[in-house]
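Structure, as structure tokens:
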Amino acid sequence: MTDLERLREFAASGSEQAFRALVERYHSMVYNTCLRGLAGRRDLAEDAAQAVFIVLARKARSIRRARGLSSWLFRTANFTVGHMRRAEARRTRYEQEAAEMAELARERKSDVAWWTGFEPCVNEAVAGLRGRQQEAIVLHFLQGKAQKEVAAAMGCSENAARMCITRGLEKLRTRLTRRGVTVSVAALSAYLLGETAQAAGAGAVASCQAAALAVIAGASGAVSALTAEAAAAVVRRLFWVKAKVVAAALGSAAVIGVGATAVLRTIAPDARVSAVQDGNDWTLPDTVTRVAPQSGFVVPDNPFWKQRSGLPRYQDGHSHFARTVSATWSEVNPAEDVYVWDGLDARVAHATASPGSGFLLEMAIHGLAEQAGMRGRTTAPESVIPAWVVEKGKVSFLSDGTAAAWEPGCGYQGFLGQFLRAVGARYREHPRLVAVMMRGPRPGGGFSMSTDLALVREAERSTGLSPATFETWGLRFVNDWAEAFAGQERKLVLPGAPSTYVYANKRAYRAVSRRIWENAFGRGFGSQMHTLGFWLWYADEAGCGTRLTEQGYLEFDDAFPPVANGAVWMVHNGDYTPQGTAKFGPAGFNRMRWFATNMRVLQMRCNWQRIASEVESLVAQEPGFFRWVELEMGRTASDSPDAWCWLRHADTTRIRGVQKVANFERWLLQRDVEPGGRTVPAARVEIPALPAYAGDRSYEFQARRTDRAHGSSQIFFQAARSFIAGGPHEVLLKVTYLDGPPTTWRMDYTGRRWHARTETVETAGSGAWKTVTFGVPDMCFRGAFAKGMDFRISVYGPHDLTVKLVRLIKMSHGRSR
């Protein structure tokens, strides 16, 4: 009776005799395959062999070709070994496992002792063979058949069988060499033939038959929990593999996706899980310990920041922390050609008293009562502009206190140029100066204009304001400021954004404002803005380097001048002041806004932050996150060890007709790829009701998930070529995911061989956020997946996967940083 006839008889009538004959014939091959894959663990190998024959009993009706039964059993044994290895890893600690492996190694025979630890590589290499070569190797070496029997089983000549064996051995040797196991064909052949002789414990054949038949009959307690779990998992695995094969045969590329051959090959993973932890993981390699040059924080003057430990305060002539030093024009220049520096010098000395601290010099130069109150004073506009300038320069003011500097005959501009040159001469070369800011003509306005239509009409009517006169004034101011701080232009900070404060959004003034800013950027100036990352202001502002695509993806231009020039590119987190808390949300929501704003700061490549005292408690709660922000801030694509993508999905204030913004991305892009790679928003977060934004925002999503119900089971990513390209590279992949309903997923990428994959991860349904780290030794970035993507998350279990953050870390960077 042939194997196929025995299978059919068992499937039809449950014949124990027919099934026992199959177990007796193939048990040795299955057992030894499991033994190798489990690195000599005989107890686990016996459980694994039982699981394989349980699967055979369950799938007997679906096996149509007895000639391929050896390969089918080998693949099933490999699936079982993979599952049991993962299960065992979850059940034991690494130290215990190492001790057990050392004990097993001492028990191994001396002639094969050098193979200890490499046995799993043999199964992986055999699994990588294709078709008839794999079948010949399994029959000859793993099942112990002579070449003549191999030929008969394969239905070919003995010479053809011998060629399959020879070529298969050579490919095995090559594959093992790539994995660091150098061995000759002769030695490999001798090892495999020797391994065939290993036998399971007494009664193992009968035990396998009895266990399989008992499980089929419904006796769930007939086998160990580990064996039952492994059998169930392998049956599910075979179902998915078969589904993909059928889909491929029908041309259903949408189900399988790009690189399906990598899924169907029963090879062991190329990259392993090196760590899993609860919540977020903000760690970087231990070698990354230094902050980027010319980056840091402008912080309050209080003990929290003075006593902050573990942070490099001064390195390479650079201050990492700075404090604001404010003054008005009238204070320093009370009379023509008279300059009083004592007060300002004292404040500079106080700000730089702490070791390594620097200062930001902020000068109020325009006539605004609000600006006069920067240091607690609320006086008339004339307290900002010196009285002698107002009188001698014939300066007039608008109804809101703005100086009409552009008015014909006004001498304001010339006197201001003299003042700027005096300030530059005093502080330009100060070693602790990190930035200089001139305020006006409105708070935070720089060279932009008011949004008050009534005010612009007043200015045009009473002072002769026009786009041309305003442009003349603005360009001269940029020129005077640049000359005063020649050589330090990158420290000159323009507040606001080119198109933010424009007269009633009139196009003419907007265009003028942009030309003034472009001229300043061309001279090397920096900039400051209120990012308000949570609210997505400036989501589509070329003057801030940001662009919103038609698909809703938020992009940043690394050629944005302050970034490309290494200038001060600063954000003022005004939403953490007491007034900002009242405007942007209750204190209990600060943690979410703190996280979102910092991620936006990094996404926009800012190198300096101005933060308020309200942030101190958040820094104390999230020291790991704050440290990560410090090490990331100010980095460029060439020197950053880290690229990441936060898969956020949020409303905007209806910018350019696009009401949704997808992702904060820093040199790592996630894009939906059809078919098979479409994602949907997930992890909804409710936003407190805010009077200032009533009806505009009520919720957003903090993650994205796959959409298996509609045929999408993958999430695709692409690294910026300026960050990493080509390869292979040694990298870490960190994925923060929701431990939702049970499912199985992994990362697919391009390695030394074309398609590679990581070890699979299984969700357990705890509902908590977790971060898994994959150590990938040989990742290549060549855009090998659909739409030029570099790698993807692939879900193979029955449920969707929700992902919040993906980080890509270059292990070759930061060794001396």
Side-chain angles (χ1 to χ4, degrees), residues 89 94 117-118 120-121 124-125 128 174-182 259 262 267-277 280-290 292 627-628 631-632 635-645 665-670 715-737 745-761 771-785 788-794 803 805-817:
Y94 291 116
F118 294 117
C121 294
E124 296 168 10
T174 301
R175 289 175 179 273
L176 289 170
T177 300
R178 289 175 181 170
R179 292 179 175 272
V181 184
T182 303
I267 60 174
D270 301 273
R272 302 285 182 179
V273 172
S274 58
V276 179
Q277 73 173 54
N280 297 310
D281 177 5
W282 302 112
T283 58
L284 287 166
D286 293 339
T287 50
V288 183
T289 58
R290 297 173 68 82
R627 178 60 169 156
W628 177 72
L631 292 172
E632 286 283 273
R635 299 281 186 179
T636 64
S638 61
D639 70 358
S640 176
D642 197 4
W644 49 263
C645 175
E665 299 171 329
R666 182 175 165 97
W667 301 308
L668 183 62
L669 313 180
Q670 177 272 324
I715 307 177
F716 287 85
F717 298 88
Q718 181 188 68
R721 294 298 176 257
S722 58
F723 175 77
I724 195 169
H729 299 278
E730 181 186 2
V731 301
L732 295 179
L733 285 173
K734 292 181 180 288
V735 181
T736 302
Y737 66 98
W745 63 277
R746 74 180 185 214
M747 308 289 284
D748 296 324
Y749 64 96
T750 304
R752 283 191 174 87
R753 57 186 184 188
W754 191 245
H755 293 294
R757 65 178 188 171
T758 66
E759 187 176 359
T760 58
V761 179
T771 300
V772 62
T773 300
F774 299 100
V776 186
D778 61 343
M779 194 165 185
C780 298
F781 298 86
R782 301 180 180 131
F785 289 84
M789 298 290 106
D790 291 315
F791 62 94
R792 70 186 180 196
I793 294 174
S794 296
V803 177
L805 182 69
V806 176
R807 292 175 58 205
L808 171 65
I809 300 173
K810 295 184 288 193
M811 296 301 291
S812 59
H813 274 241
R815 304 247 180 239
S816 61
R817 289 177 169 82

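Scope of the values below: all heavy atoms of this structure, side chains included, with no hydrogens, waters or symmetry mates.
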Flag the pair [X] / [Y] as yes when at least one side-chain heavy-atom distance between them is below 4.5 Å, and no otherwise.
X    : Y    : result
D642 : L631 : no
F723 : K810 : yes
W628 : W644 : yes

Excluding sequence neighbours, so at least two apart, what forms side chain to side chain donor-acceptor pair (under 3.5 Å) with [X]?
X    : value
W745 : none
T636 : S638, D639
W282 : none
D281 : T283, K734

Main-chain N/O of [Y] paired with [X] side-chain donor or acceptor, under 3.5 Å:
X    : Y    : answer
T758 : M747 : yes
S274 : T773 : yes
D778 : P728 : no
E730 : M811 : no
R666 : E632 : yes
R290 : V288 : no

| query | How would you list, by chain and number, every residue that makes a salt bridge (Lys or Arg N to Asp or Glu O under 4.0 Å) with R782, sequence neighbours excluded? | reply |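 Here no residue qualifies.
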| field | Candidates I793, V273, V276, V735 - the one meeting side-chain contact (heavy atoms from CB on, under 4.5 Å) with V761 | value |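 Single side-chain contact (heavy atoms from CB on, under 4.5 Å) partner of V761 among I793, V273, V276, V735: V273.
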| task | Go through the steps for Q670 and V806 under the test side chain to side chain contact (heavy atoms under 4.5 Å, CB included), then give the verdict. | result | CA-CA 9 Å; Q670 177 272 324; V806 176; over 6 Å; no
Roughly how far apart are [X] [atom1] and [Y] [atom2], rounded to 0.5 Å?
X    : Y    : atom1 : atom2 : result
F781 : R721 : CZ    : CZ    : 8.0 Å
L805 : Y737 : CG    : OH    : 14.0 Å
H729 : I809 : NE2   : CD1   : 15.0 Å

| task | Please report the shortest heavy-atom distance between C780 and G751, naming the atom on each side. | result | SG-O, 3.7 Å
| Could you go step by step and tell me if T750 and F785 meet the side chain to side chain contact (heavy atoms under 4.5 Å, CB included) rule? | CA-CA 9 Å; T750 304; F785 289 84; 3.9 Å; yes
| Candidate pair L733 and L808, rule side chain to side chain contact (heavy atoms under 4.5 Å, CB included), full reasoning | CA-CA 5 Å; L733 285 173; L808 171 65; 3.7 Å; yes
| By side chain to side chain contact (heavy atoms under 4.5 Å, CB included), which residues pair with L669, not counting sequence neighbours? |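 Applying side chain to side chain contact (heavy atoms under 4.5 Å, CB included) to L669 gives E665, R671, Q718.
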| request: Report the relative orientation of the aromatic rings in F791 and F717; use parallel for angles under 30°, tilted for 30 to 60°, perpendicular for over 60°. | output: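 Parallel: the ring planes of F791 and F717 meet at under 30°.
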